[in-house]
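Shown next, in structure tokens, is the structure this report addresses.
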Amino acid sequence: MGEVDIALTVYIVIMLIGFFISFKYGSYMIRKTGLFFPQALIAGTMIVAIDIIAIIGWSFYSWGSNEFLFIIGIFVGLGLIVVSEVVLITILFIKKKHLIQQFNDKLYKNS
């Protein structure tokens, strides 16, 4: 594996880690607070923030070495942002009823 392959792999892994962190945050906070849309918005913002930081890091790495690699990396990053946002919102909408039910069960169990 060359240096560019390792850098691209790290770039994509950071973006995937950002997705999993935001998913875990969103599902945990929806179960804890019972609020779906504010927590889904915060989780989506977390994905964008982590991915933008990864894109900036990729820009610093690739700009001086190869401009074609720079452009491809930016497009990969933007594509992963869009895909991860769509997947996150879709998964949270599918699990919405179950997550809010867990919140209600915990709320009525404690009172």
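- Just one residue in the list Trp63, Phe70, Tyr11 forms a ring-ring contact (aromatic ring centres under 6.0 Å, His included) with Trp58, and that residue is Tyr11.
- Asn66 pairs by the side-chain hydrogen bond (donor to acceptor under 3.5 Å, both in side chains) definition with nothing, not counting sequence neighbours.
- Taking CD from Gln102 and NZ from Lys97, the interatomic distance works out to 13.5 Å, rounded to the nearest 0.5 Å.
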Pair up each side-chain donor or acceptor in residues 71-92 with any protein partner under 3.5 Å, not counting sequence neighbours, and list the distances.
unit_1	atom_1	unit_2	atom_2	d
Ser84	OG	Leu80	O	2.7
Ser84	OG	Ile81	O	3.1
Thr90	OG1	Val86	O	2.6

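- The CZ atom of Arg31 sits 9.5 Å away from the NZ atom of Lys106 when rounded to the nearest 0.5 Å.
- In the hydrophobic clustering of this structure, Ile100 does not group with Met29; members are Ile, Leu, Val, Met, Phe, Trp, Tyr whose side-chain heavy atoms approach within less than 4.5 Å, directly or through other members.
- Neither Ile94 nor Phe20 shares a network with the other; the hydrophobic side chains, linked directly or stepwise wherever heavy atoms of I, L, V, M, F, W or Y lie under 4.5 Å apart, form separate groups for each.
- Looking at Asp105 and Lys109, their side chains never come closer than 4.5 Å, going by heavy atoms from C-beta outward.
- By the rule that hydrophobic residues join a cluster once side-chain heavy atoms approach within less than 4.5 Å of another member, Leu8 and Tyr61 end up as members of one cluster.
- Note on Leu99 and Phe23: same hydrophobic cluster, where clusters join Ile, Leu, Val, Met, Phe, Trp and Tyr whose side-chain heavy atoms are under 4.5 Å apart, directly or indirectly.
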Using residues 35-51 as the side-chain source, report each donor-acceptor pair under 3.5 Å to any protein atom, sequence neighbours left out, with the distance given to one decimal.
unit_1	atom_1	unit_2	atom_2	d
Gln39	OE1	Tyr25	OH	3.2
Thr45	OG1	Leu41	O	2.8

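- When side chains are defined from C-beta on, Ile30 does not count as touching Lys96, because their heavy atoms never get closer than 4.5 Å.
- Note: Leu107 CG to Thr33 OG1 = 11.5 Å, rounded to the nearest 0.5 Å.
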